[in-house]
Amino acid sequence: MQVTFQINGDATTFDVASDARLVDTLRDAGLTGTKEGCGGGVCGVCTVLVDDRPVSACLYLTAFADGRDVWTVEGLAQRFPDVVDSFCTNEAMQCGICTPGHVAAVCALRLEARQVDDAALREHLEGNLCRCTGYQTILAAAREAIAR
Amino acid sequence: MTDAPVFLAPTTLTEAIRAADDVDTVVIAGGTAMTLMLRERLVEPRRLLWLGRIDELSGVVATEAGVRIGATTTLWDLANDPTVVQRHPMVAVAARSVGNPRVRAVATVGGAVAHADPRQDLLPALLAAGAIVHLIGPDGPRAVPMADGFFRGFLETATDPGELVDSVVLPDAAATGEHYVRYTPVSDGDYPTVSVAARLASDGPTQGRLTVALGGVASAPVLGWTQDDGGVGSGGADVEAVCARVVERIAPFDDARGSADYKSAMAAMWTRRVVERLLLEAA
């Protein structure tokens with residue numbers, strides 16, 4: 001089936017199976033910043049924004065995206081370079097596999113322009129897992145990024 | 001390997017009912033559960049019927065019959081709806097307990113109800129809140145109280161082939177308190193080992209009317225105590241009697257989240273904690 005949606009600002013048409021997952025469609029299109037981890041919506045490394053809301057691309061059929069506005073870490077990094085800077089200056093990564101998901105999740109807060117306290121920030125990031133950092137540097141990067 | 005299913009995305013309920021009249025069709029809304037089942041080939045339908053484009057199925061409205069929650073309302077929207085937060089805090093808390101914000105942004109109320117996963121956070125809360133499930137099919141609409149046999153077994157409900165969940169209505173009913181608690185020894189985003197939803201209505205001298213529903217401790221959500229079991233509190237059943245009845249009614253099984261015995265013990269303990277808290281708040 002044909003599915004057309006905005007990907008990082010450009011309208012793109014994909015020819016996919018009806019049960020194709022968005023994570024596979026994006027990665028097959030070369031957008032490999034979006035990773036697949038658990039494949040079950042738990043780990044957050046496949047986080048992308050659909051109509052400005054973070055979703056797990058592993059639990060989202062490509063067909064659902066028809067007509068919508070999808071942003072991956074590639075586009076978000078161009079759009080919000082200061083979020084990426086915050087992650088770099090706070091050394092908010094080690095192995096890096098969770099970083100695209102974390103960056104996408106933080107960019108969603110920027111798009112929402114919602115003032116979040118620390119509890120709300122932690123709730124927002126609760127499903128983005130990191131097995132390296134212990135989260136403190138990620139939270140520091142996120143706090144800095146949303147304060148801008 | 002089979003061919004990918006035909007994808008149907010109707011924009012009206014009338015079209016959807018017509019399309020649902022085919023046994024080889026899987027209905028999908030947010031897709032958080034079905035995407036996994038499709039991928040594991042636990043279901044291999046000829047057709048996928050997606051309800052995500054039907055505007056009339058989405059949203060929360062206060063009606064004379066109570067709070068009507070459209071089937072494709074997301075758990076995120078349910079948890080943040082001011083009417084739900086105010087009138088049914090237990091339901092809002094349960095919705096907020098599911099997975100993480102990404103899952104809640106797409107998972108739907110109707111999907112949770114139709115899928116009937118006994119570990120789902122939302123179901124015991126809806127059951128304890130006295131939810132009425134509104135179904136619609138080729139023979140018209142019908143309403144099934146969730147407490148009156150809606151859940152038939154593991155992933156099985158009273159929904160007939162060709163019927164869709166239209167909405168869930170939470171009747172207005174005064175409560176002195178209501179709580180949803182979940183217990184998981186694994187990560188917070190996991191399904192609960194045991195979850196307990198309980199509400200108490202107490203008016204002064206009369207004994208409190210208690211409803212307790214549990215998740216994770218049988219092949220379907222279970223009503224552990226209802227108002228028909230009698231009043232609770234001074235002059236009525238004590239907390240231990242409620243816990244004993246709950247343990248009689250559940251049917252837990254061994255799995256990665258614990259043995260059946262362990263789950264029974266946890267069901268009693270969490271019921272005790274919640275009911276004690278409700279009685280304290282009502283005193």
Side-chain angles (χ1 to χ4, degrees), chain A residues 1-3 15-24 34 36-68 101-102 104-106 108-109 112 114 116 119-131, chain B residues 1-11 25-26 28-54 72 74-77 79-80 93 95-108 111 184 186-191:
Chain A
M1 64 185 289
Q2 301 252 304
V3 181
D15 191 14
V16 295
S18 61
D19 54 359
R21 304 174 307 162
L22 186 57
V23 64
D24 295 321
T34 304
E36 178 170 9
C38 69
V42 176
C43 76
V45 304
C46 69
T47 303
V48 299
L49 307 191
V50 177
D51 292 344
D52 294 350
R53 256 194 189 169
V55 306
S56 290
C58 73
L59 287 187
Y60 197 87
L61 296 187
T62 306
F64 294 174
D66 195 58
R68 299 193 199 269
H102 272 108
V106 171
L109 285 178
E112 217 183 318
R114 175 163 59 118
V116 292
L121 178 62
R122 283 168 183 270
E123 186 187 5
H124 183 77
L125 295 177
E126 74 182 31
N128 288 87
L129 305 185
C130 173
R131 295 288 91 126
Chain B
M1 199 69 184
T2 49
D3 287 340
V6 175
F7 192 84
L8 305 166
T11 54
T25 301
V26 159
I28 187 166
T32 47
M34 294 317 302
T35 310
L36 289 172
M37 293 186 79
L38 285 165
R39 187 166 180 232
E40 300 294 332
R41 305 268 168 213
L42 294 172
V43 289
E44 291 185 303
R46 203 171 57 83
R47 314 194 309 164
L48 278 179
L49 173 58
W50 183 43
L51 305 181
R53 296 270 184 237
I54 307 173
T72 60
T74 64
L75 299 185
W76 178 276
D77 288 341
N80 291 294
V93 168
R96 172 157 278 149
S97 304
V98 175
N100 55 57
R102 299 184 310 276
V103 169
R104 299 196 284 276
V106 289
T108 68
T184 170
V186 196
S187 75
D188 192 48
D190 192 23
Y191 287 114

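Keep in mind that the numbers below use all heavy atoms, side chains included, and drop hydrogens, waters and symmetry copies. In what follows, chains carry the letters A, B, and so on, assigned in the order in which the sequence lines appear, proteins first and then strands, with residues in each chain numbered from 1. Predicted model, so just to flag it, every value in this text is computed and none were measured.
- No other option in B:G30, B:A9, B:G52, B:A33 has as many heavy-atom pairs under 4.5 Å with chain A as B:G30.
- The pair A:R53-B:D77 meets the salt-bridge criterion, since a charged nitrogen lies less than 4.0 angstrom from a carboxylate oxygen.
- Under the side chain to side chain contact (heavy atoms under 4.5 Å, CB included) criterion, B:P101 pairs with A:E126, B:W76, B:R104, not counting sequence neighbours.
- Contact tally against chain B (heavy-atom pairs below 4.5 Å) for A:A20, A:G67, A:C58, A:G41: the top residue is A:G41.
- No side-chain heavy atom of A:Y60 sits less than 4.5 Å from a side-chain heavy atom of B:T35.
- Under the side chain to side chain contact (heavy atoms under 4.5 Å, CB included) criterion, B:T184 pairs with B:R182, B:V186, B:D190, sequence neighbours left out.
- Using a 4.5 Å heavy-atom threshold, the side chains of A:L59 and B:V106 count as separate.
- Looking only at heavy-atom pairs under 4.5 Å with chain B, the residue among A:V50, A:D66, A:L129, A:L125 that has the most is A:D66.
- Taking every heavy atom of both residues into account, A:S18 and B:F7 meet most closely at CB-CB, 3.7 Å.
- Counting only heavy atoms from C-beta outward, the side chains of A:L61 and B:W50 never approach each other to under 4.5 Å.
- Ranked by heavy-atom pairs under 4.5 Å with chain B, the first of A:M1, A:H124, A:E123 is A:E123.
- Note: A:G44 leads A:G44, A:A108, A:G40, A:A17 in heavy-atom pairs under 4.5 Å with chain B.
- Of the two parts of A:V55, the backbone and the side chain both hold a non-hydrogen atom closer than 4.5 Å to a non-hydrogen atom of chain B.
- Judged by distance alone, with hydrogens and angles left aside, the side-chain atoms of A:D19 form no donor-acceptor pair with the main-chain N or O of B:P5 at under 3.5 Å.
- A:C46 does not touch chain B: none of its heavy atoms, backbone or side chain, sits under 4.5 Å away.
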